[in-house]
Amino acid sequence: MATFLYSIGRFAFRRRRLVALVWVALLALAGVGAATASTATSNSFSIPGTEAQRAFDLLEERYPGQSADGASARVVFKAPEGEKITAPENAAEVSGIVKELKEGSDQIATVADPFDKKAPAVSQDGTTAYISVTYDVSSFELTEETRDSLENAGNDAREGGMTVEIGGDALMVMPETGITEVIGVVVAGIVLVITFGSLVAAGLPLITALIGVGIGVSTITALASVMDLGSTTATLAMMIGLAVGIDYALFIVSRYRAELAEGREREEAAGRAVGTAGSAVVFAGLTVVIALAGLAVVNIPILTKMGLAAAGTVVLAVLVAITLIPAFLGFAGERIVSRKDRKARKAAAEQAAATGEVLVADAPRDNGGTRWSRFVQRRPVMVLLAGVIGLGVIAVPATSLEMGLPDDGAQPTSSSPRKAYDLLSDGFGPGFNGPLVGVVDLKNSDDQDAVLQRITGEIQKNDHVAIVTPPAPNQAGDTAMFQVIPKDRPNSTETETLVHDIRDLGDTLKSEDGAEVYVTGATAMNIDFSEKMNDALLPYLALVVGLAFLLLMVVFRSILVPLKAALGFLLSVVAALGAVVAVFQWGWLGGLFGVEQPGPIMSVMPILMVGVVFGLAMDYEVFLVTRMREAYVHGESPAQAITTGFRHGARVVTAAAVIMIAVFAGFIGSSEQMIKMIGFGLAIAVFFDAFVVRMAIVPAVLALLGKRAWWLPRWLDRALPDFDVEGDKLRKKLDGEATEGGSGKEERETVSV
C-alpha cells in the first residue's frame with residue numbers, strides 16, 4: 001500500500017498540471033450538471049416492512065387519484081378576544097378567504113370550508129377554525145404565485161383583529177445554515193495558519209476540501225431529482241466532506257513538511273508523505289465509508305441515500321488528498337514552509353557550505369505533545385479513571401432518551417407554523433395535530449358493515465381517544481378509511497399505546513372475521529420509524545464495529561489496540577448522546593444553541609451518530625497510533641513510541657479536531673432542527689473522542705499495556721494481509737536504493753582516481 005501510494009504521490013507531483021486540470025474539469029462537469037438538472041420535486045419518506053407503510057401503500061392502491069405526495073396547508077383563524085369565529089362578520093371573512101384560495105392558483109386540489117356542515121372545522125368553544133388546503137403537486141413544485149397566494153390569504157382578516165397563522169408543508173423552504181457555517185470555515189482557516197505558520201500551507205487543505213465537496217454536492221444536486229434525494233442528504237454530505245477533506249489534507253501536508261525538514265527533495269518528500277500519511281488517510285477513509293454505507297442495513301431508503309451520498313463525498317476527499325494535494329505541493333514550492341523556517345534553513349545550508357559540514361536535520365525537540373504523553377505515562381491510572389468517569393457522568397442523560405420525528409411543534413415559537421400548531425392544539429385538543437389514519441381491508445370480510453361498526457365502537461371506548469370519524473369506503477367497497485384523533489400530543493407515550501391498542505384490535509378481528517386493520521399517518525409512521533431505529537441499532541453497531549475492528553487489526557497488527565479503539569468510541573458516542581439529550585430534550589443551555597422548543601430526539605440521531613462518529617473517531621485513532629506503531633516497528637520501546645507518536649501527531653490531531661468541531665458547529669445555526677441537532681451532536685462527539693478518548697484514555701491504556709498492546713498471535717499475523725501502513729517496507733526499499741546509489745558513486749570515483 002505505502003509503495004503504491006508513494007508512486008502516486010511522485011506521479012501527481014511531477015504531472016501536477018495534468019492532475020489539477022482533471023480535478024478542475026470534474027468540478028466544472030459536476031457544476032454544469034447541478035446547474036442544468038431539474039429541481040428535486042419530492043422528499044418522499046418510506047419505511048419498508050412496517051405496518052404504517054403497508055397501510056400507506058394500500059391507500060394508494062385502493063383510493064386511486066388521491067395524490068399522497070401533494071403539499072398541504074392549514075390556515076388557522078382565532079376570533080378576537082371576546083368574539084366567536086362563527087359570528088356573521090367573522091364567518092363571512094373566513095368564507096371569503098376560502099373563495100380567494102380556490103381562485104388563487106391552478107395548483108389547488110381542494111379547499112375545505114370550515115363551516116361545511118358535512119365536515120365542520122370549528123372548535124367546540126367557537127373561537128377557532130381552520131381551512132384545509134391540498135395541492136396537486138409537492139411543496140417543491142409550488143410556484144411563487146401559489147405560495148404568495150397562501151401567505152397573503154389572511155392579511156385582511158389580520159387587519160380586522162383576527163389571528164391568522166399558516167401551518168403544513170406547503171410553505172416549506174430549503175433549510176438555511178446561517179452565517180455560522182461560514183464562521184466554521186473561517187475558524188478552520190485560522191487554525192491552519194496557526195498550525196503551519198504559512199498562508200500557502202493553510203490554504204491548501206481549504207482549497208482542496210472545497211473542490212472535493214464542490215464535486216460531491218454538485219453531483220448530489222444533479223442526481224437529486226432522478227434518485228429522489230432530499231435536502232438533508234446534500235447538507236450531511238457537505239458537513240462530512242468538509243470536515244474529513246480538510247483533515248486528510250492537513251495530515252499529508254504536515255507529513256510533507258516533516259519530510260522536507262529531514263532534508264529530502266520536494267518530489268521525494270511528496271512521495272513519502274503520500275506513502276505514509278496517505279496510507280493512514282486511505283484506511284481512515286475506509287472506516288468512515290464502512291460506517292456510512294453500513295446505514296443501508298437499516299433498510300430505510302432516505303437513511304441509505306444519506307449514508308451513501310456522504311460516503312461518496314468521503315471517497316472523493318481521500319482521492320483528492322492522495323492526488324491533488326501532492327500536485328498542489330508541486331505548485332507551492334518553498335512557500336509551503338513558513339518564511340521563518342525558510343530563512344533558518346537557508347542560513348544553515350550556507351553555514352554548512354562554508355564550513356564543509358554535512359547538513360543534517362535537527363534532533364527532535366520536546367513539545368506540548370511529548371510533555372503531555374510523559375505526564376499521562378507517569379499517571380496512567382489517574383488519567384484513565386478521570387476520562388472514563390467524566391464521560392460516564394455526561395452520558396447519564398442518555399438513559400432518559402425519548403425519540404421522535406420533528407413536526408411543526410418543534411419549530412421556533414415565533415414562526416407561523418408553530419403558532420398555527422399551538423392554536424389547533426388549544427382549540428381542538430393536543431392530539432389534533434397528530435391524527436391517526438385507520439385503514440380497513442374488507443376483501444376477506446363476510447359482514448363489512450358490522451365489522452366497521454365494531455371497529456369504530458371499540459376504538460371510541462379507548463381512554464386515549466378523543467374522536468373517531470365515520471369510515472369512508474372506497475368506490476369498490478373493499479376498503480374503508482377513518483380518522484382517530486388522540487387525546488394526547490403526537491409524541492406522547494399515551495398516543496404510542498393507542499396505536500398498539502388499535503393494532504391489537506386488528507389482530508383480533510383478522511382472526512375472527514378476516515378483516516385487516518392498519519394504522520398509518522405521520523404519527524404512526526413516526527412510532528414505527530423509532531421502533532425500527534431501536535431494533536436496527538445493535539445489529540448495525542455490531543456490523544460497523546466488527547468490520548472496522550478487522551480493518552484496524554490489519555492496520556495495527558494488534559488485537560488489543562483495535563479493541564481499545566472500539567470501546568473508546570462507544571464511550572464517546574454515548575457521552576455525546578447524553579449531551580444531545582441534555583440540550584435538545586431537557587433544554588439545558590438551549591438558548592445558547594438556539595433550541596427554542598425542547599422535545600424528543602430525532603429517531604435517526606442515535607444510529608446516525610454511531611455511523612458518522614465511529615468513522616471520524618477512527619480517523620484520529622489511525623493518525624495518532626500509526627505514528628506510534630511506526631516508531632515501535634523501527635525499534636523504539638513502547639513508552640518511547642507513545643512519546644514519538646505524540647511528538648509528531650498531537651499538534652496535528654489537535655488542529656484537525658478543532659477544525660472538524662468548527663465545521664460541524666457551523667451547522668448549529670441552521671433553521672432546520674435536524675441539521676442543528678446533527679451539527680451539535682457531531683461537534684461534541686468529536687470533542688469528546690479527540691481530546692478525552694484519543695489524547696488521554698488511549699495513551700493511558702497503551703502505557704498500562706506496554707508491549708502487550710502490540711501483541712498478535714503468529715498464526716493470525718501470517719493470515720492477515722500486510723498493507724505496510726506504517727511504510728516500513730517502503731522505507732527499507734528506499735534506503736536500499738539510496739545505499740546502492742551511493743556505492744555506485746563511490747566506485748565511479750575510485751576508478752576515475
Side-chain angles (χ1 to χ4, degrees), residues 283-284 286-288 290-291 294 373 376-377 379-399 401 537-580 606-626 628-629 638 642 645-646 649 653 657 681-682 684-713 716:
F283 279 94
L286 273 176
T287 60
V288 183
I290 288 172
S373 70
V376 173
Q377 291 182 74
R379 298 175 177 82
V381 175
M382 183 191 74
V383 172
L384 179 61
L385 289 176
V388 172
I389 293 173
L391 291 181
V393 170
I394 298 172
V396 169
T399 59
L401 173 68
L537 184 58
L538 286 179
Y540 171 71
L541 191 61
L543 172 69
V544 170
V545 174
L547 288 176
F549 179 84
L550 294 175
L551 186 64
L552 292 176
M553 194 159 59
V554 171
V555 172
F556 296 127
R557 319 299 296 179
S558 164
I559 293 177
L560 295 179
V561 171
L563 180 61
K564 163 196 61 63
L567 293 176
F569 149 73
L570 291 174
L571 187 58
S572 60
V573 78
V574 174
L577 195 56
V580 169
I607 204 164
L608 191 62
M609 282 186 66
V610 166
V612 177
V613 175
F614 182 79
L616 299 180
M618 294 306 102
D619 278 3
Y620 300 117
E621 181 75 15
V622 170
F623 290 132
L624 190 60
V625 182
T626 47
M628 300 178 190
R629 167 74 183 172
I642 295 173
F646 269 81
V653 168
L682 296 184
I684 200 72
V686 169
F687 175 80
F688 290 153
D689 197 87
F691 293 111
V692 181
V693 175
R694 308 304 153 190
M695 289 293 203
I697 294 177
V698 165
V701 172
L702 291 177
L704 292 171
L705 290 174
K707 288 185 177 181
R708 289 169 294 182
W710 309 108
W711 173 78
L712 187 69
L716 186 56

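Every heavy atom of this structure was used, including side-chain atoms; hydrogens, water molecules and symmetry mates were not.
The two residues V545 and A566 make their nearest non-hydrogen contact at CG1-CB, 3.8 Å. Contact detail for V613 and A685: the closest heavy-atom pair is CG2-CB, 3.6 Å. The nearest pair of heavy atoms linking L563 to F549 is N-CE1, 3.4 Å. The two atoms that bring L624 and G645 nearest to each other are CD1-O, 3.9 Å, heavy atoms only. Residues A703 and P380 share a closest heavy-atom pair of CB-CB, 4.3 Å. Contact detail for P397 and G578: the closest heavy-atom pair is CB-O, 3.4 Å.
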Inset, instruction - Assess whether side-chain contact (heavy atoms from CB on, under 4.5 Å) is satisfied between F691 and V653, documenting all intermediate values. - result: CA-CA 9 Å; F691 293 111; V653 168; over 6 Å; no
Legend entry - Test side-chain contact (heavy atoms from CB on, under 4.5 Å) applied to V561 and W711, step by step: CA-CA 9 Å; V561 171; W711 173 78; over 6 Å; no
Inset, instruction - Starting from the C-alpha separation in whole Å, work towards a yes-or-no answer on side-chain contact (heavy atoms from CB on, under 4.5 Å) for V693 and F688. - result: CA-CA 7 Å; V693 175; F688 290 153; 5.7 Å; no
Legend entry - Test side-chain contact (heavy atoms from CB on, under 4.5 Å) applied to F556 and T626, step by step: CA-CA 7 Å; F556 296 127; T626 47; 3.7 Å; yes
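Between the CG atom in L543 and the CG atom in L538 there is a gap of 12.5 Å [rounded to 0.5 Å]. Taking CG of D689 as the start and CZ of F569 as the end, the distance is 8.5 Å to the nearest 0.5 Å. A distance of 7.5 Å separates CD1 of I684 from CD1 of I394, quoted to the nearest 0.5 Å. The NZ atom of K564 sits 9.0 Å away from atom CG of L705, with the distance rounded to the nearest 0.5 Å. Note that CG of L608 is 7.0 Å distant from CG of L682, once rounded to the nearest 0.5 Å. If you take CG on L704 and CD on Q377, they are separated by 10.0 Å, rounding to the nearest 0.5 Å.
Counting only heavy atoms from C-beta outward, the side chains of V692 and S572 never approach each other to under 4.5 Å. Inter-residue side-chain proximity for I697 and L571 is flagged as met; some heavy-atom pair is nearer than 4.5 Å. A 4.5 Å side-chain heavy-atom check between L712 and S558 finds every atom pair outside the cut-off. With a 4.5 Å cut-off on side-chain heavy atoms, Y620 and V698 do not count as touching. In this structure, the side chains of R557 and W710 stay at 4.5 Å or more apart for every pair of heavy atoms.
Without hydrogens or angle criteria, S373 side chain to F646 main chain gives no donor-acceptor distance under 3.5 Å. For the pair R694 (side chain) and A565 (backbone), a donor-acceptor distance under 3.5 Å is present. No side-chain donor-acceptor contact under 3.5 Å links R379 to the backbone of V376.
Within a 6.0 Å radius of OH in Y540, other residues, nucleotides and ligands contribute more than 12 heavy atoms.
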